[in-house]
Trainee: 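Questions regarding the structure given below will be posed in turn.
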Amino acid sequence: MNVEELSGLPPGAIQHVRQEGIEELYPPQAEAVEAGATDGENLVAAVPTASGKTMIAALAMLSAIERGGKALYIVPLRALASEKKAEFDAYEDFGVTTGVATGNYESTSEWLATKDLIVATSEKVDSLVRNGADWLSDLTCVVSDEVHLIDDRNRGPTLEVTLAKLRQLNPGLQVVALSATVGNADEIADWLDAALVDSDWRPIDLRTGVHYGNALNFDDGSSREVPIEGSEKQEAALVRDILEEGGSSLVFVNSRRNAEAAARRLGGVSSPELTDEERTELTDLAAEIRDDSDTETSQDLADCVERGAAFHHAGLSSTQRSLVEDAFRDRLLKVISATPTLAAGVNTPARRVVVRDWRRFDPSAGGMAPLDVLEVHQMMGRAGRPGLDPYGEAVLLAKSHDESEELFDRYVWAEPEDVRSKLAAEPALRTHALATIASGFARTRSGLLEFLEATLYASQSTEAGRLESVTDDVLSYLERNDFIERSGGRSGADDDADGAFTSAADLAEQASREEELEATSLGHTVSRLYLDPMSAAEIVHGLEGAKERPTALGLYQLVSRTPDMYELYLRSGEDETFGELYYERERELLGDAPSEFEENRFEDWLAALKTGKLLEDWAEETDEETITERYKIGPGDLRGKVDTAEWLLGAAESLAREVDSEWTVAVREARARVEHGVGEELLELVSVGGVGRKRARRLYEAGIEEPADLRTADKGVVLAVLKGKKTAETILENAGREDPTMDGVEPADPGNGTILDSSGGRDTPTESGETSTDERADESQSSLGDF
DNA sequence: ATTCGAAGCTTATAGACAGCATGTC
DNA sequence: CTATAAGCTTCGAAT
């Protein structure tokens, strides 16, 4: 189908598509159009990555917008949200505006109402539904990208419930679900009342194979000799082999450490192939990476990058991840070794993909468990860069002939697994049952069950009554913890828990005499805050049990033990370290500690203490390098923890207000301290624009203790402390100083001179610059060892 | 004695959404 | 209870 044949798009859209160099639609795209994608029909497109899925979505969204509607594009990752946003921004040429809604990249709800197309994470959409964003009812088209993630134990139910809610909210809504190729795309299509486009077609040929010995054998029967030289590893031979032809590669491994070690080795392969120009650019890139964060991980990454290789995992900061991804896309980096982060993330295609490890540690399996076919296929799908590579190659590594056979059977020839709903898991249902009741989607037990009937779970469920019994467990949990109330009707729904209802009439009759379920004020708050009810219960309980003002550590440990915080892992020997810390600071901790004899629970408690201690270190201005080294984590982990703590403590503050806790202020202060990473005494300074933890500390040491001091302090001192003239001016201006200019001001040593502006400052205490730089340095030295 | 390397033993294990209101060094 | 690579430590052989 030629793009000229498309109808119903905004004027200019076709021209835009042609400017992108697209004349003909890919077969799956044409199929999607024939299935009614541009006519508002529901559609499930199960097609490989990089086969033009976004185009299918775009055609549906643009035609919906042209008909006067509004479109929503749901993505699983924040990084993908910004990637899509950048892509859709080009539609502005023909008058289609795009907005983004994610947790950290914020647009106000009113502002989103003015946009034609909105990109959001599934959680954000869920949250918007809970908070009743009124523009949601204007939606006429919803796209769900990577819809197979419904299978994900943690986040799948959110997507599933959100789609069900949007459809209920908006009966005429067009749903377009984009999925990787999965076993049961037809089931998903049935669930969504959608037409199905199920295709293996790819714009670039993908050859998959297994490397064993010196040979690379492909699925089409062809083979290629890839000899191993000397003591090099298989993946090194494969990377070298394709690099000699000018192709880049992506190596997937199963742990961070392996990713780093592999990148170090692969640098030896890429380095000799670099041109002088590339070397210079890579040196700059390495400098940017070191600049972003001063940690060992950054150093290691920068060292690899200088040699044309990189590793990629969640320990990297988001900046570093983007730098690596961009440089790889620009063909500056020749090889990346990555954990699964890269398989599901933003688009980073390579000529050759090597899936080195096909087993991963999984404690629930008691050891190494094989990866899902779907996951391996997702990795392999990264092979082949449209327009750059003649074909893509995906290679698995075998160490024996038997393994080679197994890999062919298990992954090369195998069909991906079915997508199975995980909604009946109690943690998921706990959250979504509350949200569904709180936002008025259901008012009774049977109403809730009726709503759940509209989910994929119900359409897949084989175990009759399972959803019902989990629902009852969850409802009684919610009631016990004061998140919902039952009123009217007969008391207790349990008496009919075992008799599954059969007809709609039964159901209606049951509903009519059934008690009402209503969220309490606390329940509403919890739902709106997007907290797991169990987290909320833990926090409320902890705050209510506090006899005296909670310390920062107490609050940090409290939020760290909620299910919403991904705890740090307790390493061997650390149970002792943190056991000691626990006895030392037991009094600060909120709530009841489990007994030491309940081993698992006590260990969780200590793991939360470890996480809490990390947050305390951060709030005591310990530098990034020290923390990452002390806890053996990457900069990305630290920022992630701080971010989550900030969110949870913000929520905790709302909860504290809700239950009239007397510790609201303590919570707020603890939150502000993690947010800025500073001690209590710097909280005021840090509120001035341009002043962060480092600058605040230096200003404080120079005797400038609060924003008011900035307005009266000697400019020379300020300049000496803040280094840059421009920085100093901006900060003084932000502090509200009348005359912030630094023209003609010379840096003045605060140590032996006056701190006050000689021309008449007011009440700045001269004696307060006493915490000397040396003292602080000593402090951080000694705290290094006390672990 | 010193150095180097193979062999044996120990150790540790992927990812990342969310409130609210604005901006680090 | 299922694995595996990396990174130590140890031990032995070659220098």
Side-chain angles (χ1 to χ4, degrees), chain A residues 75-79 81 101-106 108 120-128 130-131 149 152-156 158-159 233 252-262 264-265 291-294 312-315 318-319 338-345 356-363 365-371 375 399 431 525-532 535 564-566 569 571-573 624 632 636-637 639-641 643-644 646-655 671 675-677 686-696 698 722-724 727 730-731 734:
Chain A
V75 292
L77 297 170
R78 295 198 285 227
T102 66
N104 62 348
Y105 185 90
E106 188 81 1
T108 62
T121 53
S122 34
E123 284 75 12
K124 189 64 188 187
V125 179
D126 187 16
S127 164
L128 288 164
R130 295 183 187 196
N131 288 284
L149 290 174
D152 185 279
R153 186 156 292 284
N154 300 313
R155 299 178 56 207
T158 303
L159 178 57
K233 304 250 178 179
F252 285 105
V253 298
N254 66 1
S255 74
R256 293 178 177 194
R257 203 169 59 165
N258 286 347
E260 295 183 15
R264 215 170 300 133
R265 281 195 310 265
D291 215 39
D292 175 66
S293 121
D294 188 16
H312 189 286
H313 58 60
S318 55
T319 313
T339 56
T341 12
L342 216 56
R356 193 192 75 177
D357 301 331
W358 57 280
R359 281 189 271 238
R360 182 163 51 221
F361 183 79
D362 176 4
M368 302 303 274
L371 303 186
E375 198 175 350
K399 274 167 226 62
T431 300
T525 303
V526 171
S527 171
R528 273 188 283 107
L529 289 170
Y530 213 80
L531 282 178
D532 183 328
S535 298
D564 278 309
M565 174 75 88
Y566 195 88
Y569 172 90
R571 289 160 191 277
S572 69
E624 193 184 24
K632 301 205 169 48
D637 301 300
R639 292 175 201 188
K641 289 283 170 300
D643 206 52
T644 310
E646 219 180 299
W647 165 58
L648 282 171
L649 287 161
E653 190 190 331
S654 301
L655 288 175
R671 192 203 63 84
E675 178 185 350
H676 299 288
V686 104
S687 69
V688 176
V691 180
R693 66 199 307 238
K694 302 254 171 75
R695 286 174 183 167
R698 288 206 303 269
L722 296 175
K723 315 279 183 340
T727 320
T730 313
I731 288 173
N734 291 340

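Residue numbers begin at 1 in each chain, while the letters A, B, ... track the order of the sequences.
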Trainee: Go through the structure and list residues passing side-chain hydrogen bond (donor to acceptor under 3.5 Å, both in side chains) with A:Trp647, not counting sequence neighbours.
Mentor: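 So A:Trp647 forms no side-chain hydrogen bond (donor to acceptor under 3.5 Å, both in side chains) with any residue.
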
Trainee: Describe, as an angle rounded to 10 degrees, how the axis at the first end of the helix from B:dA1-C:dT15 to B:dT13-C:dA3 is tilted relative to the axis at the last end, five pairs per end.
Mentor: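 That helix has its two terminal axes inclined by roughly 10°.
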
Trainee: Determine, for nucleotides 9-18 of chain B in 5'-to-3' order, which nucleotides have protein heavy atoms under 4.0 Å from the base (write B), from only the sugar-phosphate (write S), or from neither (write -).
Mentor: ---SBBBBBB

Trainee: Got a sec, which residues hit side chain to side chain contact (heavy atoms under 4.5 Å, CB included) with A:Leu371, two or more places apart in sequence or on another chain?
Mentor: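 A:Leu371 satisfies side chain to side chain contact (heavy atoms under 4.5 Å, CB included) with A:Arg360, A:Glu375, A:Val376, A:Met379, A:Tyr411 only.
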
Trainee: Rounding to an integer number of angstrom, what distance separates C:dC1 and B:dA14 when you compare their C1' atoms?
Mentor: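 Roughly 23 Å separates the two C1' atoms.
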
Trainee: Extract, from 5' to 3' on DNA chain C, the first and final nucleotides lying under 4.0 angstrom from some heavy atom of chain A.
Mentor: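 Range of nucleotides touched by chain A: C:dT2 to C:dG7.
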
Trainee: Check ring pair (Phe, Tyr, Trp, His ring centres under 6.0 Å) between A:His676 and all other residues, then give those that pass, not counting sequence neighbours.
Mentor: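 Ring pair (Phe, Tyr, Trp, His ring centres under 6.0 Å) check on A:His676 returns nothing, list empty.
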
Trainee: How would you list, by chain and number, every residue that makes a side chain to side chain contact (heavy atoms under 4.5 Å, CB included) with A:Ser255, sequence neighbours excluded?
Mentor: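 Once residues adjacent in sequence are excluded, the partners of A:Ser255 under the side chain to side chain contact (heavy atoms under 4.5 Å, CB included) criterion are A:Arg257, A:Asn258.
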
Trainee: Restricting to side chain to side chain contact (heavy atoms under 4.5 Å, CB included), what partner residues turn up for A:Ala651, sequence neighbours left out?
Mentor: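 So A:Ala651 forms a side chain to side chain contact (heavy atoms under 4.5 Å, CB included) with A:Leu529, A:Leu531.
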
Trainee: Are the side chain of A:Asn254 and the backbone N or O of A:Arg359 linked by a donor-acceptor pair below 3.5 Å?
Mentor: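 Between the backbone of A:Arg359 and the side chain of A:Asn254 there is a qualifying donor-acceptor contact (under 3.5 Å).
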
Trainee: Please name all residues satisfying side-chain hydrogen bond (donor to acceptor under 3.5 Å, both in side chains) with A:Arg356, sequence neighbours left out, ordered by chain then number.
Mentor: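 By the side-chain hydrogen bond (donor to acceptor under 3.5 Å, both in side chains) rule, A:Arg356 matches A:Glu235.
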
Trainee: Hey, is the main chain of A:Arg639 close enough, under 3.5 Å, to the side chain of A:Asp643 for a donor-acceptor pair?
Mentor: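 No; zero donor-acceptor contacts below 3.5 Å.
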
Trainee: Measure from the side-chain N and O atoms of A:Arg155 to the backbone N and O of A:Ser122, and report whether any donor-acceptor pair falls under 3.5 Å.
Mentor: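 Here the side-chain-to-backbone pair does not exist.
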
Trainee: What residues form a side chain to side chain contact (heavy atoms under 4.5 Å, CB included) with A:Thr158, not counting sequence neighbours?
Mentor: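 Partners of A:Thr158 under the side chain to side chain contact (heavy atoms under 4.5 Å, CB included) test: A:Glu123, A:Asp126, A:Thr162, A:His432, A:Tyr530.
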
Trainee: So, using salt bridge (charged side-chain N to carboxylate O under 4.0 Å, His left out) as the criterion, who are the partners of A:Glu646 when residues are at least two apart?
Mentor: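 With sequence neighbours excluded, A:Glu646 shows a salt bridge (charged side-chain N to carboxylate O under 4.0 Å, His left out) to no residue whatsoever.
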
Trainee: Tabulate protein N/O versus nucleotide N/O from nucleotides 23-25 of chain B, keeping only pairs under 3.5 Å, one per line.
Mentor:
from	atom 1	to	atom 2	distance (Å)
B:dT24	OP2	A:Gly690	N	2.8
B:dT24	O3'	A:Gly692	N	3.3
B:dC25	OP1	A:Gly692	N	2.9
B:dC25	OP1	A:Gly692	O	3.0
B:dC25	OP1	A:Arg693	N	2.3
B:dC25	OP1	A:Lys694	N	3.1
B:dC25	OP2	A:Gly690	O	3.3
B:dC25	OP2	A:Gly692	N	2.1

Trainee: So what does A:Arg265 touch, heavy atoms closer than 4.0 Å: a base, only the sugar-phosphate, or nothing?
Mentor: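 Touches sugar-phosphate only.
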
Trainee: Side chain of A:Arg78, backbone of A:Gly103: donor and acceptor closer than 3.5 Å?
Mentor: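 Side chain of A:Arg78 to backbone of A:Gly103: no pair is present.
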
Trainee: Quick check: does any side chain N or O of A:Arg130 sit under 3.5 Å from a backbone N or O of A:Ser527, one acting as donor and the other as acceptor?
Mentor: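 Checking the backbone N and O of A:Ser527 against the side chain of A:Arg130, a donor-acceptor pair under 3.5 Å is found.
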
Trainee: Just name whichever nucleotide pairs with B:dG23, Watson-Crick or G-U, keeping both distances under 3.5 Å, else none.
Mentor: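 B:dG23 is paired with nothing.
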
Trainee: Under a 3.5 Å limit for both distances, which nucleotide forms a Watson-Crick or G-U wobble pair with B:dC17, could you say?
Mentor: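 Pairing partner: none.
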
